[in-house]
Amino acid sequence: QVQLVESGGGSVQAGGSLRLSCAASRFRFSYGIYSMGWFRRALGKEREGVAVTASDGRTTYADSVKGRFTISRDNAKNVLYLQMNGLKPEDTAMYYCAINPGSRLGTLWSGDYNIWGQGTQVTVSS
């Protein structure tokens, strides 16, 4: 059974940076077709896609994070990253990583993803 474990969340001031990590077990980034990415849910809001990448290397970002966040992965370590720079208070949320095995669609719609981590909290103060 594939497991995803996020880490790297924390509390920072506006303008600061954080790097989130998502370690995958029983899933190899180097093989097969898949989409994976980062999603977030702020208090009282619905979960939204932040950044996704497909097995063919394509990446997609939400407009709200373009130019500030960067998604990347280490295929040798099976770790997905989200580098977040220029953080804003509106980025405060629980961040989750997710995988959709067998699909290279790479959409930002959370309904396309069926394997999820437990999340890591990011809090940005003004």
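Counting begins at 1 with the first residue of the sequence.
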Next item on the list: Search all heavy atoms of Ser126 against all heavy atoms of Ala14 and return the closest pair with its distance.
Entry: CA-CB, 4.3 Å
Checklist line | Connected hydrophobic set around Tyr81, excluding itself, where side chains approach under 4.5 Å | finding: Val79
Next item on the list: Look at the rings of Phe29 and Tyr34 and say which category their plane angle falls in: under 30° parallel, 30 to 60° tilted, over 60° perpendicular.
Entry: tilted
Next item on the list: Say whether Leu20 and Met36 are linked into one hydrophobic cluster, either directly or through other cluster members, by side-chain heavy-atom distances under 4.5 angstrom.
Entry: yes
Notebook entry, point to check: Say you draw a straight line from CZ of Arg58 to OG of Ser35; how long is it, rounded to the nearest 0.5 Å?
Noted result: 7.0 Å
Note to self: Show me the pairs that pass side-chain hydrogen bond (donor to acceptor under 3.5 Å, both in side chains) and involve residues 4-21, at least two apart or across chains.
What the structure shows: Ser17-Asn85
Note to self: Using side-chain heavy atoms (C-beta onward) and a distance below 4.5 Å, is Leu18 in contact with Val122?
What the structure shows: yes
Could you list the donor-acceptor pairs under 3.5 angstrom formed between side-chain atoms of residues 93-104 and any protein atom two or more places apart in sequence or on another chain?
unit_1: Tyr95; atom_1: OH; unit_2: Arg40; atom_2: NH1; d: 2.9
unit_1: Tyr95; atom_1: OH; unit_2: Asp91; atom_2: O; d: 2.6
unit_1: Asn100; atom_1: ND2; unit_2: Asp112; atom_2: O; d: 2.7
unit_1: Ser103; atom_1: OG; unit_2: Leu105; atom_2: N; d: 3.1

Item checked: Glu90 atom CD: more than 12 heavy-atom contacts under 6.0 Å -> yes
Margin query: Under 6.0 Å between ring centres: does that hold for Phe69 and Trp38?
Written below: no
Note to self: Side-chain heavy atoms nearer than 4.5 Å, only ILVMFWY residues, links allowed to pass through others: does that put Met84 and Val52 together?
What the structure shows: no
Check: For Trp109, is the NZ or CZ atom of Arg47 found under 6.0 angstrom from the centre of its six-membered ring and inside 45 degrees of the ring axis?
Finding: no
Margin query: Same cluster or not: Tyr113 versus Leu4, using hydrophobic residues (I, L, V, M, F, W, Y) connected whenever any side-chain heavy atoms lie under 4.5 Å apart?
Written below: no
